[in-house]
Amino acid sequence: MIKKWIFYSSLTLIIIYLSSGFKPFEVQHYDWFQTDNEEEFSYIYPSKVQEDYVNLNIPFTGKFFIGFKEALAFKESQGKYHKINTLGYMGKYQFGTETLKTVGIHDSNHFLNNPRLQEKAFVALLSKNKWELKEEIEKYSGQIIGGIKITESGILAAAHLGGAGSVKRFLNSNGSKRRTDSYGTSIRSYMRDFGGYETSRIIANNNAKAI
């Protein structure tokens with residue numbers, strides 16, 4: 001009986017001692033993370049400025065190529081590999097069957113169910129468009145046409161939407177010949193929204209294939 005009393009008394013003391021070492025969780029508020037706007041909160045991070053991440057171990061996509069392809073993919077399909085739109089365009093980057101053939105893909109079902117192949121197809125198409133538009137990229141980059149600054153990534157994004165020929169007509173007409181897709185999206189808007197990204201590592205190659 002005495003041994004049981006000693007055991008339970010010791011156990012109680014141990015529990016009390018351990019419990020005393022824990023403090024209630026307190027929510028910390030940091031002024032640097034908020035503004036004085038009472039209607040809504042604004043946050044510094046994530047930031048579009050790479051320098052804001054210099055001391056933080058956070059991946060920065062910003063204007064790097066990964067930022068370009070993921071931003072374009074979100075515009076095209078919300079980044080969904082299995083999406084098919086009402087016009088039959090497929091995948092994360094919304095390829096048509098004829099465009100798939102130009103990069104060596106003839107099995108649409110295999111393409112739709114293969115994320116790795118979709119990524120390779122996207123890069124291959126960029127390479128082909130860069131080769132087709134290499135003169136325009138060299139001639140017009142840095143100029144203001146149609147109210148927007150022309151960049152290589154903007155040209156490539158516009159070509160993805162409307163084809164290299166439409167981009168040439170837009171640039172060579174000083175922005176007067178503007179094409180939109182079936183949903184009303186213009187190649188001009190793609191040049192604007194996807195301008196200034198890092199695409200210099202894309203190799204211009206008219207024979208680029210995904211497989």
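Bear in mind the structure is a predicted one, so any value in this text is a computation, not a measurement.
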Does any non-hydrogen side-chain atom of [Y] lie less than 4.5 Å from one of [X]?
{"X": "N205", "Y": "K128", "result": "no"}
{"X": "K80", "Y": "F74", "result": "no"}
{"X": "I155", "Y": "F194", "result": "no"}
{"X": "T99", "Y": "T97", "result": "no"}
{"X": "T151", "Y": "Y197", "result": "no"}
{"X": "L171", "Y": "I145", "result": "yes"}
{"X": "T180", "Y": "T185", "result": "no"}
{"X": "N85", "Y": "Y183", "result": "yes"}

For residues 197-211, which residue pairs qualify under salt bridge (Lys or Arg N to Asp or Glu O under 4.0 Å), counting only residues two or more places apart or in two chains?
-> none

Atom [atom1] in [X], atom [atom2] in [Y]: separation rounded to 0.5 Å?
{"X": "F68", "Y": "T199", "atom1": "CZ", "atom2": "OG1", "result": "6.5 Å"}
{"X": "N207", "Y": "T102", "atom1": "CG", "atom2": "OG1", "result": "11.0 Å"}
{"X": "N174", "Y": "I144", "atom1": "CG", "atom2": "CD1", "result": "11.0 Å"}
{"X": "S186", "Y": "L161", "atom1": "OG", "atom2": "CG", "result": "8.0 Å"}
{"X": "E132", "Y": "L125", "atom1": "CD", "atom2": "CG", "result": "11.5 Å"}
{"X": "S141", "Y": "I150", "atom1": "OG", "atom2": "CD1", "result": "8.0 Å"}

Which of these passes side-chain hydrogen bond (donor to acceptor under 3.5 Å, both in side chains) with K92: E76, Q118, E70, Q78?
-> E70

Any link between [X] and [Y] through a network of hydrophobic side chains (Ile, Leu, Val, Met, Phe, Trp, Tyr) touching at under 4.5 Å?
{"X": "I211", "Y": "F111", "result": "yes"}
{"X": "Y89", "Y": "Y81", "result": "no"}
{"X": "W131", "Y": "V167", "result": "no"}

Does [X], at its [atom1] atom, have more than 12 non-hydrogen atoms belonging to other residues, nucleotides or ligands within less than 6.0 Å?
{"X": "K139", "atom1": "NZ", "answer": "no"}
{"X": "K75", "atom1": "NZ", "answer": "no"}
{"X": "L87", "atom1": "CG", "answer": "yes"}

Minimal non-hydrogen separation, [X] against [Y], with atom names:
{"X": "S77", "Y": "G91", "answer": "CB-O, 3.5 Å"}
{"X": "M90", "Y": "L112", "answer": "CB-CD1, 3.9 Å"}
{"X": "L133", "Y": "A164", "answer": "CD2-O, 3.6 Å"}
{"X": "L100", "Y": "S108", "answer": "CD1-OG, 4.3 Å"}
{"X": "S166", "Y": "I187", "answer": "O-CD1, 3.4 Å"}

Look at the side chain of [X] and the backbone N and O of [Y], then say whether any donor-acceptor pair between them is shorter than 3.5 Å.
{"X": "R188", "Y": "G146", "value": "yes"}
{"X": "K168", "Y": "G165", "value": "no"}
{"X": "S153", "Y": "G196", "value": "yes"}
{"X": "K149", "Y": "R192", "value": "no"}
{"X": "N113", "Y": "N109", "value": "yes"}

So F122 and Y93, would you call those rings parallel, tilted or perpendicular, with 30° and 60° as cut-offs?
-> parallel

Quick one: do K101 and E98 satisfy salt bridge (charged side-chain N to carboxylate O under 4.0 Å, His left out)? Show the steps, please.
-> CA-CA 5 Å; K101 292 176 184 178; E98 293 303 313; 3.3 Å; yes

Residues at least two apart in sequence or cross-chain that pass ring-ring contact (aromatic ring centres under 6.0 Å, His included) with Y140, listed by chain then number, are none

